[in-house]
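What follows is a short report on a single structure.
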Amino acid sequence: QVQVVESGGGLVQSGGSLRLSCAASGNVFGFYIMGWFRQAPQKERALVATITSGGVTVMADSFKGRFTISKDNAKNTMYLQMNNLRPEDTAVYYCNLHQNPNADYWGQGTQVTVSS
């Protein structure tokens with residue numbers, strides 16, 4: 001069984017920064033993809049970024065230049081560095097781990113609120 005847990009959300013002023021963490025535990029092996037998603041009230045869950053077991057990253061176009069995805073293999077932790085935050089970034093941010101061939105594991109989310 002695999003478990004992922006997000007942390008690092010909170011209240012930040014417009015223009016500020018936050019770093020989200022996603023700690024993975026359990027029997028993770030072989031090829032996998034971890035990713036960050038976010039969901040604002042009354043909106044669908046949207047992909048932010050992904051990182052593979054080999055360290056290849058993909059960032060959604062709307063976040064390029066402000067957000068950075070990374071991981072620390074020694075800590076089994078993935079990060080999302082968010083800079084120049086805007087009120088429209090307010091959402092619940094979720095961690096996902098996809099493990100071949102067809103397993104997905106979701107965290108419970110961490111709230112990010114950006115004030116004006």
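Heavy atoms from other residues, nucleotides or ligands lying under 6.0 Å from CD of E88 number more than 12.
Cluster partners of V12 are V2, V4, L18, L20, V28, Y32, M34, W36, V48, I51, M59, F63, F67, I69, M78, L80, M82, L85, Y93, L97, Y105, V112, V114, counting Ile, Leu, Val, Met, Phe, Trp and Tyr whose side-chain heavy atoms approach within less than 4.5 Å, directly or via other members.
In terms of modelled atom types and a separation under 3.5 Å, the side chain of R66 and the main chain of N84 share a donor-acceptor contact. A donor-acceptor pair under 3.5 Å links the side-chain atoms of K71 to the main chain of T52, judged by distance alone. Q99 contributes a side-chain N or O that, together with a main-chain N or O of N27, makes up a donor-acceptor pair within less than 3.5 Å. Panel note: side chain T90, backbone T113; no donor-acceptor pair is recorded below 3.5 Å.
Annotation: cation-pi geometry satisfied between R45 and Y94 (NZ/CZ under 6.0 angstrom from ring centroid, within 45° of ring axis).
Smallest separation of non-hydrogen atoms from A91 and Q111: O-NE2, 3.4 Å.
Following chains of ILVMFWY side-chain contacts shorter than 4.5 Å, one can reach L47 starting from V92, so the two form part of one hydrophobic cluster.
Taking 4.0 Å as the cut-off between side-chain N and carboxylate O, K64 and D61 count as a salt-bridged pair.
To the nearest 0.5 Å, atoms CD (Q3) and CD (Q108) are separated by 8.5 Å.
Within the structure, the side chain to side chain donor-acceptor pair (under 3.5 Å) test picks out the following pairs touching residues 6-21 (sequence neighbours left out): S17-N83.
Contact check for T57 versus T50: no side-chain heavy atoms found under the 4.5 Å cut-off. The closest side-chain heavy-atom distance from L11 to S115 is below 4.5 Å.
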